[in-house]
Amino acid sequence: MAAYEFDVLNSRPHFPGYPIFCFLSQIILILTDNIALTFSLIGSISTFIIIYYCDKIWQFYFQKQSLFFITILFFNPFMWLMSNRYMPDLFALSLLVTGTYYLIKILKKTSKKDNIILGIIISLLCGVRISYIPFFIPIIFLISSNTRFLIFSFLITNVIWLTPFIHITGIYELIELFKNDSYGHFYKWGGTIISSDGSLINRFLQIFNFIFTDIFSFWSHNRHWSTIINSFLIIIAIIFFFKFSHTKFKKVNLKLISCCFLIYFIWVMMFQNIQYKPRHLLPFIPLCCFIISMGINSIQKKTRYALLFSVNLLTIHAFITINIVYQHKHMSAISQIHNYLQQQKNNTIVISDNLKLFYWKSHSNNKNIKYYNIDRFNQLLKEDKISDGTIVYSTSLINPNNYRKINSYDFYHNPYVNRLWSSLTLNKYEKY
């Protein structure tokens with residue numbers, strides 16, 4: 001919605017507003033006049049930047065370019081999915097990877113120019129996805145004569161993009177929005193350790209579950225047999241990484257970059273909705289691909305069948321990704337319900353939670369359907385304002401007076417395409 005009309009006060013988008021990403025999407029939308037193409041273009045550009053700078057990072061430590069590393073990054077199923085979502089996450093990852101490249105470059109040989117560029121990138125990242133900023137907290141250890149250029153470029157870039165953002169929204173309104181939504185994120189709806197029921201151990205395990213099953217397509221219950229082969233081959237590569245990889249990392253590089261990932265890991269585990277949303281783990285994709293590729297390098301030194309192993313892994317990984325991307329073109333469960341409801345010709349009431357109702361109402365063109373949450377529906381029952389012959393659909397079991405359940409319909413999409421509402425049941429009631 002923000003690509004058409006940016007209004008953070010009316011949740012177009014919600015706070016913190018992602019102003020740089022929204023501004024970019026609006027420019028491209030003017031040129032394409034197609035919202036899906038707009039976000040796909042941003043996703044494809046982001047994918048290119050991620051692969052380009054990951055390759056440059058690889059060449060910091062290895063003399064030869066790794067075709068395997070580039071290919072497994074390109075065929076990562078989760079990156080393909082996120083490159084077509086109406087979200088800023090993958091563009092933010094491209095900035096994070098670019099920033100990591102310049103961070104490592106500064107660690108190798110600090111320079112005024114690289115510090116200025118890193119400061120600009122971190123500032124842009126604040127305007128695209130501020131939740132990635134904890135990744136760069138360890139740069140406080142980069143105290144040198146050139147650090148002032150990093151700070152200066154960061155502040156100047158912030159002023160450049162914050163000024164129009166504040167002008168559009170209003171300084172006092174923005175402060176109130178910040179206070180309200182920050183409190184809401186940490187204490188109410190944000191899925192943090194404070195606001196959710198999941199234990200710290202469960203959140204910790206869910207991170208690894210998402211990394212393996214959603215991001216790298218490991219096998220889990222009811223998944224295709226190809227994911228078993230994929231899991232087996234990747235595990236072998238990881239074993240070879242831990243057992244045989246000996247590289248020429250400088251200790252300072254390894255310590256600082258590892259600290260970046262550790263701090264981000266803790267941030268995600270404690271203060272992001274990691275129980276339901278694997279997208280917060282996007283920054284770990286390049287790291288994991290790096291580990292797998294280094295394992296492949298070790299296999300190449302130990303066995304003459306390394307090429308066959310690599311080709312098999314990439315083939316099965318690409319096969320899974322292409323299938324997941326193809327399924328992404330199919331309707332989600334909530335869209336299937338929407339299409340089903342639009343076919344109703346009688347007076348119909350749909351009862352669900354406010355978020356699902358918002359989606360259905362905003363896309364509905366059937367005047368026979370009215371949408372209510374359960375509280376409003378109960379109020380209408382008390383006031384006897386529901387006409388005879390009205391059919392009631394609900395996404396949860398209800399027990400209204402004078403209504404009986406006559407059927408239920410199940411709608412489903414692959415949860416590894418989209419975890420949100422992958423399985424929904426629509427219960428049908430009629431008056432008796």
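Values in this document were obtained by computation on a predicted structure and should not be read as measured data. Along the sequence shown, residues are numbered consecutively beginning with 1.
A donor-acceptor pair shorter than 3.5 Å can be found between the side chains of Asn158 and Ser123. In this structure, a donor-acceptor pair under 3.5 Å is present between the side chains of Ser196 and Arg203. Checking Thr38 against Thr32 by side-chain atom types alone, a donor-acceptor pair falls below 3.5 Å. When only modelled atom types and interatomic distance are considered, Gln206 and Asn209 share a side-chain donor-acceptor pair under 3.5 Å.
Between Tyr132 and Tyr264, the ring planes lie perpendicular to each other; the angle is over 60°, past the 30° to 60° tilted range. Ring geometry, Tyr403 versus Phe377: the interplanar angle exceeds 60°, so the pair is classed perpendicular (tilted spans 30 to 60°). Relative orientation of the Phe39 and Tyr86 rings is tilted, given thresholds of 30° and 60° on the angle between their planes.
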Could you go through residues 328-335 and list every donor-acceptor pair under 3.5 Å that involves a side-chain atom there, pairing it with any protein atom two or more places apart or in another chain?
unit_1 : atom_1 : unit_2 : atom_2 : d
His328 : NE2    : Arg85  : NE     : 3.4
Ser332 : OG     : Ser335 : N      : 3.4
Ser332 : OG     : Ser335 : OG     : 3.2
Ser335 : OG     : Tyr359 : OH     : 2.9

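Residue pairs meeting the side chain to side chain donor-acceptor pair (under 3.5 Å) criterion with at least one member in residues 45-55, sequence neighbours excluded: Asp55-Gln59, Asp55-Gln65.
Residues Cys126 and Ile133 form a side-chain contact, since some pair of their non-hydrogen atoms from C-beta on lies under 4.5 Å apart. The shortest side-chain heavy-atom distance between Leu29 and Ile35 falls under the 4.5 Å cut-off.
In this structure, Ser40 contributes its side chain and Leu37 its backbone to no donor-acceptor pair below 3.5 Å. Checked by atom type and distance alone, the side chain of Ser352 never pairs as donor or acceptor with a backbone atom of Thr395 at under 3.5 Å. His317 places no side-chain N or O within 3.5 Å of a backbone atom of Ile72 that could act as its donor or acceptor partner.
With sequence neighbours left out, Lys385 forms a side chain to side chain donor-acceptor pair (under 3.5 Å) with Glu383.
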